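Structure first, commentary second.
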Amino acid sequence: MHALARLSPEIRQYLLVTGNYWAFTLTDGALRMLVVLHFHSLGYTPLQIAALFLFYEIFGVITNLVGGYLGARVGLNRTMNIGLGLQVAALLMLTVPAVWLTIPWVMGAQALSGIAKDLNKMSAKSSIKLLVPDSQQGTLYKWVAILTGSKNALKGVGFFMGGALLALLGFAGAVLVMAAVLTLIWLASLLLLKKDMGKAKAKPKFRDMLSKSRAINILSAARLFLFGARDVWFVVALPVYLSSVFDWDFWRVGGFLAIWVIGYGIVQSFAPAITGKASGRVPDGRAAFAWAAVLAGLPAAIALGLDTALSAQWVLLGGLLVFGALFAVNSSLHSYLIVSYAKADGVSLDVGFYYMSNALGRLLGTLLSGWVYQAYGLAACLWISSAFVLLAALISIGLPRHLSR
């Protein structure tokens, strides 16, 4: 505690925001894996499993748009704490007797969790803009990359934790343990997080929710297709494929996806070094286009590989590792660009609009992941993924070639 007290107020708030984000992310990743594996084991079809996340993604779209407005009016500390509290409520909803866990009930719990997740993420990403001077773009990129990368690494730990808790404690027991731990984090956040952080000087109007920045609108459109490309095969199709085709148990599915997401998060954290920060450069629209173009052909290559005599496990798992590394760099670039493009006063408005597009991409990808996999198989999901990344690359051509305000 003495060492923490010697840190600057900005660093202390950064650590608090990051700690909140980490704790939330662990439960979010674990809950996603718990729901997919538990309801798959009960005989639900991929499309039915995807439907369980429908409200999660729909309310994520709405929350990012309205949450950015709310954060600018009442402060990011309040929106972050509301998110933590709602996640506790969502977890407790799933501790009811098994007979109550109908599709509408689980969808309702996922709706709360979706609202909670996007309030928490929007608050965390927006807060960094306020803690780093505009003149220090390299530092901003590094802090965004560390926050984003560490979050995704912990989401991978959450995937493994979800599979492990399901095997050890069962569904209700696993959810109850997570709710208890997150409640303690929430209470600490209420006491320690800086009041009125991110509150705009002038009260924003409701119409200010929609971005007026051309750069942010283009980046948001690219983000939509980028994350749709990931989730169209990663959310439902991949875990179900690993379980049903490769005959993997809960431990192996959760463990592998955990390792993948942890590696993905580590690469995100090192994205500034990969994209040239060490030589004094920070990325712009040209970098966003180039990295998306590199990624675009990979899912299609995996799909073609699955139709050859090569081992399906080696093709899929090896391709997934390469996809994760390239996607991590793309995601980290986008995360930096939105924080850099956003206005400091009322930053959550711009960040919220951008992550609304992110959530819309996840929604599209999640629905397609269940439907396309059930109707046409994993290869079709991969071809759609390639098409979406290509669209993201083409849209990125319109981004500024140098950072502008």
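Since we're looking at a predicted model, the values are computed, not measured.
Taking 4.5 Å as the limit, some side-chain heavy atom of Leu31 sits within range of a side-chain heavy atom of Leu94. Proximity of Thr102 to Val106: side-chain heavy atoms (C-beta onward) are nowhere separated by under 4.5 Å. A heavy-atom distance below 4.5 Å is found between the side chains of Val267 and Ile274. Contact check for Trp22 versus Thr25: no side-chain heavy atoms found under the 4.5 Å cut-off. Counting heavy atoms from C-beta outward, Arg32 and Pro239 have side chains that stay 4.5 Å or more apart.
Checked against the 6.0 Å centroid criterion, the rings of Tyr373 and Trp233 do not qualify as a close aromatic pair. Note: Trp260 and Tyr264 meet the aromatic proximity criterion, with ring centroids under 6.0 Å apart.
In terms of heavy atoms, Met93 sits closest to Ala109 at CE-N, 3.7 Å. Across all non-hydrogen atoms, the minimal contact from Leu34 to Gly162 is CD2-O, 3.3 Å. Taking all atoms of both residues into account, the shortest heavy-atom contact from Ala303 to Ala379 is CB-O, 3.9 Å. Of all the heavy atoms in Pro299 and Ser385, the pair that sits closest is CG-OG, 3.4 Å. The minimum heavy-atom distance between Ser386 and Ala300, with the atom names listed, is OG-N, 2.9 Å. The nearest pair of heavy atoms linking Gly83 to Ala116 is O-CB, 3.1 Å.
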Discussion item. Would Val245 and Val240 count as a side chain to side chain contact (heavy atoms under 4.5 Å, CB included) here? Give the steps.
Written reply: CA-CA 8 Å; Val245 177; Val240 172; over 6 Å; no

Item to complete: Decide side chain to side chain contact (heavy atoms under 4.5 Å, CB included) for Phe227 and Ser331; before the verdict, give the C-alpha distance in whole Å, the side-chain angles of both, and the deciding distance to 0.1 Å.
Response: CA-CA 9 Å; Phe227 271 74; Ser331 177; 3.6 Å; yes

Worksheet item: Run the side chain to side chain contact (heavy atoms under 4.5 Å, CB included) check on Leu304 and Trp383 step by step: do they pass?
Response: CA-CA 9 Å; Leu304 291 172; Trp383 281 106; 3.7 Å; yes

Worksheet entry | Candidate pair Phe289 and Leu399, rule side chain to side chain contact (heavy atoms under 4.5 Å, CB included), full reasoning | CA-CA 8 Å; Phe289 164 74; Leu399 288 172; over 6 Å; no

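Residue Leu182 holds its CG atom at 9.5 Å from CG of Leu26, rounded to the nearest 0.5 Å. Atom CD1 of Ile115 sits about 8.0 Å away from atom CD1 of Ile62, to the nearest 0.5 Å. We find the CE-CD distance between Met178 and Gln87 to be 8.0 Å, quoted to the nearest 0.5 Å. Note: Ser113 OG to Leu86 CG = 9.5 Å, rounded to the nearest 0.5 Å. Leu119 contributes atom CG, which lies 5.5 Å from atom OG1 of Thr63 (distance to the nearest 0.5 angstrom). The structure places CZ of Phe388 at 8.0 Å from CG of Leu224, a figure rounded to the nearest 0.5 Å.
At distances below 3.5 Å, not a single donor-acceptor pair connects side-chain atoms of Arg252 with backbone N or O atoms of Ser243. Side-chain atoms of Thr95 do not come within 3.5 Å of backbone N or O of Ala172 as any donor-acceptor pair. In this structure, Thr183 contributes its side chain and Ala179 its backbone to a donor-acceptor pair below 3.5 Å. Within the 3.5 Å criterion, the main-chain N or O of Gly305 finds a donor-acceptor partner in the side chain of Thr308.
Summarising the local packing, OH of Tyr376 is surrounded by 12 or fewer heavy atoms from other residues, nucleotides or ligands at distances under 6.0 Å.
Qualifying salt bridge (charged side-chain N to carboxylate O under 4.0 Å, His left out) partners for Arg362, counting only residues two or more places apart in sequence or in other chains: Glu57, Asp118.
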Throw together a table of side-chain donor-acceptor distances under 3.5 angstrom for residues 313-330, partners on residues two or more places apart or in other chains.
residue	atom	partner	partner atom	Å
Asn330	OD1	Ala292	N	2.9
Asn330	ND2	Trp291	O	3.2
Asn330	ND2	Leu326	O	2.9

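Relative orientation of the Phe39 and Tyr44 rings is perpendicular, given thresholds of 30° and 60° on the angle between their planes.
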